[in-house]
Protein chains: 2
Amino acid sequence: MHMKEVSGARCTTRTLRDRLEELVLTGAFAPGARLEETALAERFGVSRTPVREALAQLGEAGLVVIRPRRGAVVAALTPRRLIEMFEVMAELEAMCARHAARRAGGRSLAAIRRTHELCASAARTGDVDAYYYENEAFHEAIRAASRQDFLVEQAGALQRRLRAHRRHQLRARDRIAASLAEHDAIVAAIEAADGEAAAAAMRGHVAVQGARFADMLAALDPDAAAEAAVSDAAV
Amino acid sequence: MHMKEVSGARCTTRTLRDRLEELVLTGAFAPGARLEETALAERFGVSRTPVREALAQLGEAGLVVIRPRRGAVVAALTPRRLIEMFEVMAELEAMCARHAARRAGGRSLAAIRRTHELCASAARTGDVDAYYYENEAFHEAIRAASRQDFLVEQAGALQRRLRAHRRHQLRARDRIAASLAEHDAIVAAIEAADGEAAAAAMRGHVAVQGARFADMLAALDPDAAAEAAVSDAAV
DNA sequence: GTCAATCATTCTGTATGCAGAAGTCCAAAA
DNA sequence: TTTTGGACTTCTGCATACAGAATGATTGAC
């Protein structure tokens, strides 16, 4: 039985949604764990109504699976599914980069260059956490530069779901240096207004994260990695 | 004041969500129209609780906009946003086609060919509605053949949001014949296992729908079309 | 006559209660 | 010992009630 949360401010549906999202994404709630409304309501000091609403929203976002009359459980991301998500993410971000290259104005370009510089600084000092945040800002800047509202929303939603996993693979050896070099190529293509080059560079940049992730799984869990590898060979 | 819905079976959250989705997508609820919980609860003979839940889900799906303390309104799709949505859809379906070309097995290929034949039949008889449905089945078959569960889900969700608008543009002159020819190219590329060709063909096929839509808007509403045209020129 | 402030109405957000369904556990029989 | 049946517990899903906020109208002042 969990203790009632004493820290944290007033809990309403919106904040509750964010808190739960954080707990799921950080892995505080393990995949497959049951999320009981009563327990959560007790823990956060609210009634079941806002808990239900928050869970429903997380369900729509795909973080939890809600089966009618059978409760909510944290969505179990299979390695294969995660790789598929990275693949879609790569394509969405490639679209953003393509549009950014074709349409980025002075302000947008400046924002991209600035975040890129911050990434470089973090890379020089070897600060993984700092690089993680600046990397997020860099991608965000490119997405914003695309000026495609709907695309930005879609990419942002998927980004939030992958955030926790992106962080992990940054810790791989030499990954930060490689990432920064890829950022360089992306920025160059955008500055050259070469949409296709920017898209290709971005696609590769994100896709390699999925590949890295598969490698990591291979080191941790041969079975899961084997199942994931099937994804490229099946039928 | 609306009459209470007498038709239709038992209304639970799930069915209510589908009913409301249908009403929004078909335009029965005009964009910008307020969706009052009490009125909907009365109309469908349920309490406000399931109505709230259904609206929240539609909000996550993007069909309605929920502003805290200010109620829910049907999302107003600007022409520009709709075109952006078609653009993303084109990319997602292109991904599906690429994977389908590389991985489609005998069963999947047979399903694609069969739905393609049904499209051809509908085109010969000039039955727009029939072509609409068979066209949906054709795209669905290709998505399924990609064997990418997450991608299929994402594409499916977007497809539902665009469904009503896809139907309209089929009525344009000669559009069905052109559509069928494009289907031919897509099928040929998939059968040849040429992923890039399949992706390119599919991307063009879907993208032209967005373009057609812009044309239609130009005929109906010069202002809106002008705003939409800006989307390709802006900074 | 116009603008602003206040009040009333309405609607949202949350709490609680109840009925029905699903899961679980135990016991009895094969 | 294993399997199946049933009862019990628990949890979900919906209905209803209440408090707070937002919107609109009305009235008063300038």
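Reminder, nothing fancy here: chain letters follow the sequence lines and each chain counts from 1.
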- Task: Heavy atoms under 4.0 Å is the rule here; annotate nucleotides 7-13 of chain D 5' to 3' with B where the base is hit, S where only the sugar-phosphate is, and - elsewhere.
- Result: ----SBB
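- Remark: R69(B) engages no residue in a side-chain contact (heavy atoms from CB on, under 4.5 Å) (not counting sequence neighbours).
- Between H139(A) and H183(A), the angle of the ring planes goes over 60°, which puts this pair in the perpendicular group of the 30/60° scheme.
- For T49(A), no side-chain nitrogen or oxygen approaches OP1 or OP2 of dT14(C) to under 4.0 Å.
- Defined by atom type and a distance below 3.5 Å, a donor-acceptor pair is present between the side-chain atoms of R103(B) and Q148(B).
- Atom CG of L40(A) is separated from atom C1' of dT14(C) by 17 Å (rounded to the nearest Å).
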- Message: One pair to check against side-chain hydrogen bond (donor to acceptor under 3.5 Å, both in side chains): E87(B) and H99(A). What are the steps and the verdict?
- Response: CA-CA 11 Å; E87(B) 215 170 304; H99(A) 280 103; 2.6 Å; yes
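- Annotation: side-chain hydrogen bond (donor to acceptor under 3.5 Å, both in side chains) contacts of E136(B) (sequence neighbours excluded): Y132(B), Q159(B), R163(B).
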